[in-house]
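Notes to accompany the following structure.
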There are 2 protein chains.
Amino acid sequence: MFETNRPPTIRDVARAAGCSVATVSRVLNGKSNASAAARDRVVTAAEALRFRFSETGRALQSSRTRVIGVLVPSLSNPVFAAAIDGAEAVLRRAGYQVLLVCGNYDAAQEAAAVQTLLARRVDGLILTVSDAAASAALDEARAEGLPVVLLFNEAGPGDSSAACDNAAAAGEIARALLASGHRRIALLAGRFTSSDRSRRRYLGLSTALVAAGAPEPVLLEVDYRDEDHSAALAELLDQRPDLTALVCSNDMLAIAVMAGLRSLGLRVPQDLSVVGFDGIAIGTMLAPSLATIAIPNADLGREAARLLLASLGQRHTAIGSNQAGPPRARTLPHQFRPGGSLSRARTDVRCGRYNARSDAHPPTSCHMNLENDP
Amino acid sequence: MFETNRPPTIRDVARAAGCSVATVSRVLNGKSNASAAARDRVVTAAEALRFRFSETGRALQSSRTRVIGVLVPSLSNPVFAAAIDGAEAVLRRAGYQVLLVCGNYDAAQEAAAVQTLLARRVDGLILTVSDAAASAALDEARAEGLPVVLLFNEAGPGDSSAACDNAAAAGEIARALLASGHRRIALLAGRFTSSDRSRRRYLGLSTALVAAGAPEPVLLEVDYRDEDHSAALAELLDQRPDLTALVCSNDMLAIAVMAGLRSLGLRVPQDLSVVGFDGIAIGTMLAPSLATIAIPNADLGREAARLLLASLGQRHTAIGSNQAGPPRARTLPHQFRPGGSLSRARTDVRCGRYNARSDAHPPTSCHMNLENDP
DNA sequence: ATGAAAGCGCTAACAA
DNA sequence: TTGTTAGCGCTTTCAT
C-alpha cells in the first residue's frame, strides 16, 4: 500500500511471464524468434504490469539516447516556434525526441545550455546561436565531435546549416524600397552581438542601397527584449526627419515599431513606410499588412532535422570513423512579400514637432524637396 | 585518428588521475573528504579529458532523471510560449531540464506524447491537455504515480493545477460588453473537444449574459489550425446581421477574426466590436488595440513549476510513500483590458449585403431598432 | 583517505 | 527456442 511506485522493469516482466529477461527483450522488441506460447505470456505480463522500456537503461546500454538537443534564442518569436515545430515533426517520425533549450540571445547562456545537452548525451544538436563565427556553444559541440546543424545561422566552411541568404534577402528589400522612391532609409536591428542574422541583413541592405547610388541606411540597434521602442524611435526621427522608410530586422520588431510610430502620431505608410523580415503569419493580418521577406521557417526546421538525421545515419554506417559526412549548407529561398505598410516615399520632409505622449497633433508636413541627396 | 569519439567516462578520469572511480566521483561531486593531492590530480585529469558526468549513468543509478516533461497544445500560440518560458526558468534554477512535447490539440497525440515522456522516466509532468476531465494522457500519468501539475486546465478534485478562472474571466467580458450596450453577441471558440478552456469561457460568457437578461451568445466553434475564418464569419454574419460584438476564445483567434472582418469590408469597432482572451503582447500593438482578458501566462508557467517542485520535494522526504502532498490548485488573477476593438454597440442593424471577395462596397446600415429582444 | 564491488535497466553475445 | 551474463556510467556502501 505504502510503497514507492517504481516503474516495472524488464525483470518484473520476466518473473511474471516465467521466462528470462532476454526473452522479454526479444519479444517486446520484435527481434528474432520466440515461441508463440512465450510470446503470449510476455505480452500478457507486460500489459498487466503496464511495462514500458526505460529509455535510460536503453541509452546506457546502447550509448545512444535518441534525443536531439535544440537551442534557439527564444520561444517568444514565432519564427523559432515554427522552426521547432518543423524540426520536431521530422525528428519524431524518425524516432527522436527533442530536448529544447533557450539561449536568450546571450552567448554565455548558449554555452551553458549546450553543456547541459552534452551532459545528457544527446545524439545530435540543432543550434541557433548569437554569432556562429565566434560561439563558445558551437565550439563545445564541435569539440565533442557530435553532429551539429546550424539553424538560421549561415554556416562557415566546416559546418552544416539550414538557413536563408540574409544578405540577398535584405537586398530585395532595398530594391523594393528604391522602386517606391525611398532613399532615406533606416534599419532598426536587433543587436549584432545577439544575432549574426541581424548583422547580415544590415550589410545586405547597406550594400544594395549603396550599389544603387543611395545613401547608406541609418542604423539603430535595439534590444530584443524591449517591447517599447518609442523613445529610441522618437529620437531617431527627430534627428533624421528626412527618413521615409524604416526597415526592421524582424517582423516582431516591425510590429512593435508600427505601434511605436502610431503612439508618436505618425501614420504608416503615409508618413513612413515600414518593412519587416521573416514573414510571420500575423503580419498579413495587420492593418496595414506588413511588407516583409517571407522565409520558410518551418521548412528550415525540417531541413535542419533532415541534415542532422543524415549525419546520424552516416555516423553509424561509417564504423570506426568520427566523420559524419561532409558538412552540407542548405539555403532555402526567400521571397519579398508586398504589404500595405510600404507605399511610395513622401517627397516632402516631416518638420512638425510631435510628442510621444500626445496623440492630439499629428505632425505637419512642410514642402522641402528631398529629391537630391547630399 | 579514426576512432569513434566516445565521451570520456569516470573510469578514464580515474585511470588518468591514478586513483579509483570512487575518488573521482567524490572529488568531482564535492563530497566527503579527499586529500588535496588526490583532488588536484582528479581535477586536472578531468579538465584535460574534458570530462562531464553522463546524466544517463546518473539517472540509471539514482532512478531520477532531473528532467520534467512539459506538454502543451502548440508552440505557435504565444500564450504557451510564455508559460513554457516561465516554467523553464524556475525548473532550470532548481536543476531540472525540460523535455517539451506538443499535443496539437489532439487527445490521441497527447497520450502518445505522454507515453514517450514516461518512457524517458521524467521526474514529473506539467500538462496542458485538451480536456482534463477525460484525458488518456492524464490517466496514464496518474497511473504511473508521477507528480503531475495541470497548466491552464482547471483541475478537478484530485489534481494540482495552475490556471485562471476561465468562467469568471468570461463573465467580465460579458459585463464589459453589456456596459457598452451590446446584447447580440457571438462567441468564436476553439473546438470544445480540443480545449476545455474554450468550453469554460463559453459557459462563463453565456451564464453571465443570461443572468443579466441578455440572449445567449451565438456559438461558432472553429478549428485551431485554420488561419482564415472569413468564410465561417461571412456565413455567421449573414445569418445574424443583428450581432454587434464578437468574442473570441483567444487572442490569436481574435486577431484572425479582425483580419477576416476587414476582408469582408467591415470595420472594427464601428460595425462590430471584437474582444479576445489571453492578453498577448501583440494585442496592444494593433490598431485598434485588442480588448481582452489579460492572463499572467508566464506566471502560470512559473507557478506550475513551483507546485511541481514542491511535490517532488515531498516525494523524496516522505520515504516509502507515493503521496506527493495534497493536490494544490492555484488560480491566478485575470484582468479585463480595455481596447479600441470594443466600442458602444450600434443601435441599427447591418442589412447591406457584403462580399468576401470585394472590398469596394462597405456594408450599408438601415435603421432598424434593436432595443427590444425577442 | 581510498578502493572494491554491487546494482540501477537494458541489449547482445554466447551457451545450451 | 531460451537462458546466462557482461557491460554501458555512475553512486554508494562497506572494507581497508
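Just so it is clear, the model here is predicted, and its values are computed rather than measured. Throughout, a chain's letter reflects where its sequence line sits, starting with A, and its residues are numbered from 1.
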Taking N or O atoms only and anything under 3.5 Å, show me the protein contacts with nucleotides 3-5 of chain D, one pair per line.
from, atom 1, to, atom 2, distance (Å)
D:dG3, OP2, A:Ser20, N, 2.9
D:dG3, OP2, A:Ser20, OG, 3.2
D:dG3, OP2, A:Thr23, OG1, 2.7
D:dG3, N7, A:Arg26, NH2, 2.8
D:dG3, O6, A:Arg26, NH1, 3.1

statement: Residues passing the side-chain hydrogen bond (donor to acceptor under 3.5 Å, both in side chains) test with A:Ser194, sequence neighbours excluded, are none
message: Going by side-chain hydrogen bond (donor to acceptor under 3.5 Å, both in side chains), name the residues that satisfy it together with B:Ser25, two or more places apart in sequence or in a different chain.
response: B:Asn29
query: Which whole-number value in Å describes the distance from B:Gln61 CD to C:dA5 P?
result: 18 Å
query: Between A:Arg64 (CZ) and C:dC10 (C1'), how many Å, whole number?
result: 14 Å
- request: By nearest nucleotide on DNA chain C, pick out whichever of A:Ile10 and B:Ala37 is the more 5' one.
  value: B:Ala37
field: Any pair counted as ring pair (Phe, Tyr, Trp, His ring centres under 6.0 Å), so long as it reaches residues 14-43 of chain A, sequence neighbours left out
entry: none
- prompt: Taking only residues two or more places apart in sequence, or in another chain, which ones meet A:Asp12 in a salt bridge (Lys or Arg N to Asp or Glu O under 4.0 Å)?
  reply: A:Arg15
query: Over how many whole Å does the gap from B:Leu60 atom CG to C:dG9 atom P extend?
result: 7 Å
query: What pair of heavy atoms forms the shortest contact from B:Val21 to B:Ile10, and how long is it?
result: O-CD1, 3.5 Å
field: Near-strand residues of residues 48-58 of chain A, defined as heavy-atom separation under 4.0 angstrom from DNA chain C
entry: A:Phe51, A:Arg52, A:Phe53, A:Ser54, A:Gly57, A:Arg58
message: Rounding to an integer number of Å, can you tell me how far A:Lys31 NZ sits from C:dT11 C1'?
response: 8 Å
- prompt: What pairs with A:Asp139 under salt bridge (Lys or Arg N to Asp or Glu O under 4.0 Å), at least two apart in sequence or on another chain?
  reply: A:Arg142
- prompt: Hey, is the side chain of A:Ser25 poking within less than 4.0 Å of OP1 or OP2 on C:dT11, counting only N and O atoms?
  reply: yes
- prompt: Which residue pairs pass the ring pair (Phe, Tyr, Trp, His ring centres under 6.0 Å) test with at least one member in residues 38-59 of chain B, sequence neighbours excluded?
  reply: B:Phe51-B:Phe53
message: Taking salt bridge (Lys or Arg N to Asp or Glu O under 4.0 Å) as the definition, give me every residue that meets it alongside B:Arg26, ordered by chain and number, with sequence neighbours left out.
response: none
message: Test side-chain contact (heavy atoms from CB on, under 4.5 Å) on B:Leu71 and B:Leu125; report intermediate values, then the result.
response: CA-CA 8 Å; B:Leu71 169 74; B:Leu125 290 168; over 6 Å; no
- prompt: Between the axis at one end of the helix from C:dA1-D:dT16 to C:dA16-D:dT1 and the axis at the other (five pairs apiece), what's the angle to 10 degrees?
  reply: 50°
task: Mind checking A:Ser63 for me? I need base, sugar-phosphate or nothing, with any heavy atom below 4.0 Å counting as a touch.
output: nothing
message: At 4.0 Å (heavy atoms only), tell me whether B:Ala38 reaches a base, stays on the sugar-phosphate, or touches nothing.
response: sugar-phosphate
statement: Between CG of A:Asn29 and C1' of D:dT1 the distance, given in whole Å, is 17 Å
query: Among all residues two or more places apart in sequence or in another chain, which pass the salt bridge (Lys or Arg N to Asp or Glu O under 4.0 Å) test with A:Asp299?
result: A:Arg302
field: Pairs flagged by ring pair (Phe, Tyr, Trp, His ring centres under 6.0 Å) wherever residues 106-152 of chain A is involved - sequence neighbours left out
entry: A:Phe80-A:Phe152
